[in-house]
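These notes concern the structure reproduced below.
Chain identifiers are assigned alphabetically (A, B, ...) following the order of the sequence lines, protein sequences preceding nucleic acid strands; residue numbering begins at 1 within each chain. All values reported here derive from a predicted model rather than from experimental measurement.
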Amino acid sequence: MNTSWKYYLTFVITLIFLGDSNAQIIFDTLQLHEFEIIDFHFDKQSATNTSTIDSLQQNELGLVDIGELLSSFSPVFVKSYGKGSMATVSFRGTGASHTKVVWEGFNINSPMLGQTDFSTIPVSLFDKIELQYGGSSLTEVSGALGGSINLKTKSGFIDDKVISLTQSVGSFNTFLTAATLSFVNKTVSSTTNFTRQSSLNDFSYYNNAILPESEYMQQTNANFSNYGFTQQLDFKFNNNQQLTFISWNQWNNRNIPTIMTNVEKAGSQDEYQNDFFSRNIIKWILNTTKTSLNIRGSYFYENLGYYLQTKDTLDNMITQIDSKNKVRSFAASADIATRISEKAMLKAGSRFLNQEVESNNYAESKTRNLVSNYISLSLLIGHKINSEILIRSDFVDGEFTPVMPMIGINYQPINTQDLFFRLNLSRNYNLPSLNDLYWYPGGNDSLLPENSLESEIGIDYSFSIKDNHQITFRSTAYLSSVKNWIIWTPGDHRYWSPQNVANVLSRGLELSLKIIGKISQVNYYISTEYAYTRSTNNSQLAREKGTSEIQLMYVPKNTFNTFLSLSLSDYYINWGLHYTDSRNTSLNNSENYSYNLPSYTLNDISIGKKGILKKFNYNFKFKVYNVFNVNYQAVLWRAMPRRNFEISLNINI
Amino acid sequence: MKTKYIIIIILVSFLFSCTKNDDTSPSSETYEKGSLFIVNEGNYSSANSTLSNFNPSKDTVVNEIFYRANNAPLGDVAQSITFYNNMAFITINNSGHIYVTSCKDASFIDKIENLLSPRNIMIVNSRKAYVSDLYSTDMVVFNPETFEKTGSISIGKSTEAMVKSDTKVFVSNWSGYNQVALNNTVMVINSNTDMVVDSILVGIEPESMVLDKNNKLWVLCSGGFMNDENPSLWKISTESHVVEQKYTFGDKQSNPDNLKINGNGDILYFLKDGLFSMSIEETELPTVPLIESGSYNYYSIGIDKISGDIYLSDAGNYNQNGYVFRYDKNGQVISNFEAGIIPGTMKFYY
């Protein structure tokens with residue numbers, strides 16, 4: 001153990017700090033955010049790097065959006081413009097469009113933007129959230145150069161839950177309602193989820209962007225309301241065959257507040273975004289003893305509206321932007337998995353996707369057709385090695401992208417110990433978004449796909465002490481290079497245009513420690529995540545301009561989360577701490593606030609009681625966000641709330 | 001297990017002891033007469049404008065001087081700088097205010113707020129200054145000594161560049177954005193009465209103006225955002241408001257801007273990719289640039305009216321600090337230095 005540890009550490013440290021002599025891993029400030037809710041476990045024997053967020057307490061899940069959940073629970077970086085405002089997620093120093101969100105096998109990233117707004121994904125609608133890091137994502141989707149987030153819903157036949165209702169009330173007139181209603185008999189099950197969230201969001205914040213004196217101000221024009229439902233119907237024909245229909249419909253309405261430096265401007269500004277989406281899936285699953293066949297079809301519709309209007313003091317119109325965008329996507333897929341021997345599993349699949357965008361920001365409506373195929377072989381070699389080899393290839397609008405291979409190996413050196421070494425190597429391609437190609441003006445239809453080479457090694461170790469304390473340690477070191485990274489740059493004309501200019505090298509370390517156990521009558525759970533990320537642009541141009549050593553914008557070098565949960569009898573207390581390191585907002589080395597956002601540490605604490613009253617299971621919780629009243633910004637000059645409160649009650653019948 | 005708890009407690013207490021202190025004490029650098037102030041616009045909606053100062057005699061630059069002095073940002077898209085009585089008046093376009101700062105140490109003195117989209121300032125006299133505005137059809141008038149707004153002038157159009165000649169202020173109507181009125185005029189204001197007394201028809205988008213040694217007004221028109229017409233340069237009598245000469249650029253796709261003049265008032269400069277210069281006596285537009293743009297993204301011009309040195313800013317990729325190149329009057333490079341993001345207006349404080 002000790003020897004392999006030393007080798008491992010030496011390798012990791014060499015890998016990470018190669019070419020970065022100034023870097024230091026310093027836990028100089030830790031921090032935690034929130035998550036009460038969930039347990040995070042690893043598929044420890046998997047040949048790919050996958051981790052899963054389960055619900056520790058299923059009923060509490062509905063109280064956060066996925067962006068908040070991930071920032072508390074995983075090493076990914078969540079860039080949030082404020083509660084209810086846009087939130088994007090990036091893995092390992094890559095961009096927001098390199099994180100693919102997969103729902104029931106279909107990518108739900110906006111075809112226009114290439115990215116996903118995580119503030120529009122309520123946790124309560126899903127049963128399982130899975131993170132696949134780097135090349136491991138190729139098992140689900142191509143183009144996830146950073147990683148993928150897979151949202152899963154369980155079959156209606158698993159659960160016999162009938163009615164669940166959650167209501168929370170929080171500061172700034174924030175209300176959240178989540179309800180689940182399910183029926184099941186031997187052949188049919190129906191599950192309906194409903195969620196509604198609204199907030200006036202008029203919190204007070206410290207405005208340090210104005211002179212002569214910084215002062216506390218009240219946020220305006222930041223209110224939002226979202227509501228939506230999912231309906232799932234499962235039909236069981238026999239023990240081997242099931243047909244499922246899922247429809248997810250949601251309306252998101254939000255106002256967009258101005259930035260902190262512009263609060264003293266004359267006239268009036270009205271800026272808002274109203275979206276609607278409907279995502280529908282039908283799938284048929286056939287299982288035999290050796291083979292599983294999965295055939296799916298989907299129809300997604302999105303209507304995205306952005307409106308900006310500024311008026312002068314006499315109420316005359318100055319600026320008006322009324323952006324209207326409609327996206328329709330059809331997809332059909334077939335996946336087969338078959339066990340060809342005791343130790344070998346073959347998987348293959350094919351997917352066809354048609355996307356159509358109608359936008360007043362494009363010269364004309366645009367379509368994209370994509371066929372994506374993969375084949376993979378999982379092999380157990382001896383008793384110690386589990387491996388997976390996968391090849392994926394995309395065929396886009398009549399052209400093949402080069403093949404995307406992935407190889408993952410998991411090695412267990414000692415049979416009696418839960419100690420695993422992982423290795424993963426892959427190549428991946430990410431297609432330009434439709435905005436990159438067709439935005440008017442500036443879109444560049446000759447863009448090439450972004451192309452990455454990724455490698456990672458990891459070590460996982462689980463052990464228990466006196467059967468009372470279960471400890472899981474996981475660490476991963478990665479190195480990846482993305483060529484032809486797309487950046488919008490000023491062109492010869494007066495508008496910006498995307499180009500394949502950057503060559504990004506990212507390397508880093510992810511550490512995770514979970515301890516669960518019991519001391520006397522107290523159950524405890526501790527979960528800690530640390531990530532060190534170094535991401536730079538090593539292109540010839542960046543070297544000439546002297547920016548090749550500068551960390552990419554909005555990539556913190558260090559992030560740290562800790563969650564501690566203690567429970568005694570029916571009572572519990574949860575404490576979350578979340579630390580985010582300083583972030584560059586430009587490609588300069590400067591301590592100027594505008595260029596370099598300071599680090600921050602947030603603490604959230606909740607106490608609650610859960611139990612059974614007559615036939616009801618209840619969970620009552622009181623939660624304090626940002627306990628220490630920290631003034632912070634996640635995105636430059638976007639105000640964030642200070643200490644605030646929430647009370648929630650969940651009832652299960 | 002006890003050890004683990006101890007470690008956790010140590011880690012956690014470590015957290016609270018190590019939070020960064022963001023308050024840095026303001027610096028007390030001073031900036032001399034004869035130095036160049038550079039207004040770095042920053043990115044729209046990012047509020048990362050900065051102010052730089054370059055000392056030509058020492059060949060030294062100090063960046064972020066406003067932030068250093070005041071521990072607060074300049075704001076969202078700083079547009080222009082105007083000196084008066086050892087004070088600098090800086091318009092912050094998208095923040096809707098003007099910051100008044102000391103030229104000596106860049107410290108904050110006062111502000112004029114609640115403006116729509118301020119662009120440039122013309123100090124008329126000790127009681128009166130005009131503010132041009134991209135979106136307002138009025139120009140705000142304020143007192144440059146008390147910093148109080150004293151009135152407004154109804155123009156009916158967007159306003160941009162201003163030039164003063166005796167009791168007349170010439171105002172160009174550059175932008176046609178979201179307005180019915182045409183953007184091809186220069187308005188004449190009587191600075192005693194604050195009334196519009198005349199308007200002069202020029203080309204589309206009169207972007208910049210200067211006054212030469214013969215008291216002639218020169219107006220550079222970029223031809224329109226969508227390249228509506230050929231760009232043009234106009235020479236106008238400030239007495240009669242009659243157009244004395246019109247020069248038309250051959251290339252409709254080009255967008256010349258940044259008209260400047262030397263200290264003697266007899267050589268014009270403008271940007272059209274590279275830097276062009278022409279004598280005010282010239283009858284034709286120059287065809288060969290004095291300074292080629294090469295791989296640079298030239299963005300604005302500053303002229304040292306005493307030495308004749310020419311300063312050109314390079315906005316680079318707009319996401320990192322730009323550079324300023326210093327040339328002598330013959331276009332020979334002297335030195336260069338790093339400024340802020342998108343170095344825009346460059347003016348000497350004499």
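Between B/F249 and B/F270, the ring-plane angle classifies as perpendicular under the 30° and 60° cut-offs. A perpendicular orientation is assigned to the rings of B/Y318 and B/Y299, their planes being inclined by more than 60° (bins at 30° and 60°). The aromatic rings of B/F66 and B/Y99 lie parallel to each other, with less than 30° between the two planes, well short of the 60° mark.
Of the atoms belonging to B/T50, it is side-chain heavy atoms, and not backbone ones, that fall under 4.5 Å from chain A. Residue contact with chain B, scored on non-hydrogen atoms closer than 4.5 Å, is absent for A/M260. For A/T547, the part lying under 4.5 angstrom from a heavy atom of chain B is the side chain only. Of the atoms belonging to B/Y135, heavy atoms from both backbone and side chain fall under 4.5 Å from chain A. Interface residue A/L211: backbone and side-chain heavy atoms are both found under 4.5 Å from chain B. Heavy-atom distances place the backbone of A/N208, and not its side chain, under 4.5 Å from chain B. Residue B/I341 touches chain A through both its backbone and its side chain, counting heavy-atom pairs closer than 4.5 Å. Neither the backbone nor the side chain of B/D133 comes within contact range of chain A; no heavy atoms are under 4.5 Å apart.
Stacking of B/K149 on the aromatic ring of B/F142 is not recorded, the 6.0 Å distance cut-off and the 45° axial limit not both being met.
The greatest number of non-hydrogen atom pairs below 4.5 Å with chain B, out of A/P212, A/A266, A/A209, A/G267, is found for A/A266. Taking B/S158, B/A47, B/S49 one by one and counting their heavy-atom pairs under 4.5 Å with chain A, the maximum is reached by B/A47. Ranked by heavy-atom pairs under 4.5 Å with chain A, the first of B/D76, B/N43, B/L74, B/N48 is B/D76.
Every salt bridge (Lys or Arg N to Asp or Glu O under 4.0 Å) that B/E160 has, sequence neighbours left out, goes to B/R119. Judged as a salt bridge (Lys or Arg N to Asp or Glu O under 4.0 Å), and not counting sequence neighbours, A/R638 has no contacts.
Between A/K265 and B/E113 there is no salt bridge, since no side-chain N of the basic residue sits under 4.0 Å from a carboxylate O of the acidic one.
Side-chain rings of A/F473 and A/Y461 stay apart, their centers remaining 6.0 Å or farther from each other.
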